[in-house]
Amino acid sequence: MGGDISPLDVALEQLEIAAQILDLDSGVHVFLSRPKRTLSVSIPTKMDDGEVCVYWGCRVQHIDARGPFKGGIRYHPNVDLAEVTALAMWMTWKCAVVDIPYGGAKGGVCCNPKEMSKAELERLTRRYTNMLLDFIGPHRDVPAPDIYTDAQTMAWIMDTYSRFKGYSVPECVTGKPIILGGSKGRTEATSLGVMISVREAAKDLGVKLKRAAIAVQGFGTVGWNAAKIAHDWGAKIVAVSDSRGGVYNPEGLNPYKVFEHKEKTGSVLGFKKARREVTNEALLELKCDILIPAALENQITKANAGKIKAKILGEAANGPTTPRADEILSEKRIFVIPDILANAGGVTASYFEWVQNLTRERWTLEQVNQKLERILVKAFHDVDKTKSEEETNMRTAALLLGVGRVAEAIKTLGLWP
Ligand code: NAD
């Protein structure tokens, strides 16, 4: 899939647009355009055959004016510093859009988890955590899962961090297994948030969610759970995909059955009830009402934006759309729910997990989902209102809210010394 611009260029261009409208002074703009701290590490890892592989990893901490840094850790063969920096910046705006007291960070390790054993992944994770020890912590920087990391990865991070502290510190990381203090609802929260914002947009546009045709790119934690929730709400999942390609059926696919098939075979490809297979590129251009990219950045570019047929684009992935593509989608009057709003359910539930850990409380699933619904519906309508007031699109409106709140926090803190 050809991107026409790197994620960091996208993030910087988005910041530029917001800075101009907000009339930020250049010092604040430059401050916001750079991470506060970047840690780059070499991670020697013993492989099962006794060889040592040295992996590259990093943690980028963007801005912590509104609270401790917060952001996921990605394991992927194409991870690089520019991508992780962009992802950290988006985390900062996202936390501000939903108004939770965090700054933005992101971590990455350049590796291919599909070719590594569980024991190798555990040793890599523990060594990486060891190298981040002085930079993370419950009041400093709280990691969470992202692509190819999960609750088990977070358990290893918690254990490593706790061993060094000498006592158990569940609040050092979120997205943990429930048995270790993870929050009920956290695994599904990103997807539930995506579907809540899609539901609100559908109401605005008069699109009926029941029987609406939905295509989902990426069938990992976020994509699969979004497909499941949409199916449970009566929508029709017409296509899903993973890194190897996708399956399509205009009559609808049962995501539970596709999930079972993927668990057995490792891919959605070959699912018997599909009408045909589609590439990841073709999936984006399918006839559908709602398109949910839930994989990587740079999927909707100037090359394919003109061919998108969906009425609503719910950005579950971070950075799936480039600024040139945004212009084309705006012209086509496609309603884009930007990533920093659409997928903010994940960090919001992470915040709930952190609060539960710090207060030693346990909330029920109903409590978690009620609070999530309240925060996300409010954020959606705050952004929608800004969109109308500023006569702009949802992305710029979300950036105006997010960047504006962070800039105000920086100015209010003042500059020391
Ligand atoms: P995951 O590892 O569980 O799933 C990723 C999925 O993308 C897999 O199905 C994989 O096969 C697919 N994929 C990988 N490369 C692909 C390619 N080139 N084309 C199409 N599909 C490809 O990761 P996840 O946690 O579900 O994250 C998905 C997206 O959601 C990412 O952009 C992530 O940053 C974003 N996100 C995740 C969370 C969260 O809570 N996990 C929160 C906010 C945003």
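The first residue of the sequence shown is numbered 1, and numbering continues consecutively from there. We use all heavy atoms of the structure for the numbers below, so side chains are in, but hydrogens, waters and symmetry mates are not. In listed order, ligands and their atoms are each counted from 1.
- Listed by number with element, the atoms of ligand 1 under 4.0 angstrom from any heavy atom of Phe219 are 9 (O).
- Near Asn318, meaning under 4.0 Å from any of its heavy atoms, are these atoms of ligand 1: 32 (O), 33 (C), 34 (O), 35 (C), 36 (N), 44 (C).
- Classification of Asp48 and Arg123 as a salt-bridged pair holds, one side-chain N sitting under 4.0 Å from a carboxylate O.
- Here the two rings, on Trp156 and Tyr128, have centers that are 6.0 Å apart or farther.
- Where the criterion is an N or O separation shorter than 3.5 Å, residue side chain and backbone included, Lys94 fails it with respect to ligand 1.
- Below 3.5 Å of separation, one finds no N or O of Lys106 facing any N or O of ligand 1.
- Checked by distance only, ligand 1 and Asp146 come closer than 3.5 Å through their nitrogen or oxygen atoms.
- Residue Arg186 approaches ligand 1 through these ligand atoms, each under 4.0 Å from one of its heavy atoms: 40 (O).
- Between Gly223 and ligand 1, no N or O atom pair is found at a separation short of 3.5 Å.
- Considering both main-chain and side-chain atoms, Gln217 never comes within under 3.5 Å of ligand 1 through any nitrogen or oxygen pair.
- Of all the heavy atoms of Arg74, the ones lying under 4.0 Å from any atom of ligand 1 belong exclusively to the side chain.
- With a 4.0 Å cut-off on non-hydrogen atoms, Thr149 does not touch ligand 1 at all.
- Among the atoms of His76, none of the N or O lies under 3.5 angstrom from an N or O of ligand 1.
- Of the listed residues (Asp141, Thr174, Thr92, Asp64), just one forms a side chain to side chain donor-acceptor pair (under 3.5 Å) with Lys70, and that residue is Thr174.
- For ligand 1, none of its N or O atoms has an N or O atom of Gly218 under 3.5 Å away.
- Between Ala317 and ligand 1, a contact under 3.5 Å exists for no N or O pair.
- Checked against a 3.5 angstrom limit, the closest N/O atoms of Tyr148 and ligand 1 fall inside it.
- In summary, the side chains of Arg244 and Ser267 do not present any donor paired with an acceptor at a separation below 3.5 Å, with no hydrogens or angles considered.
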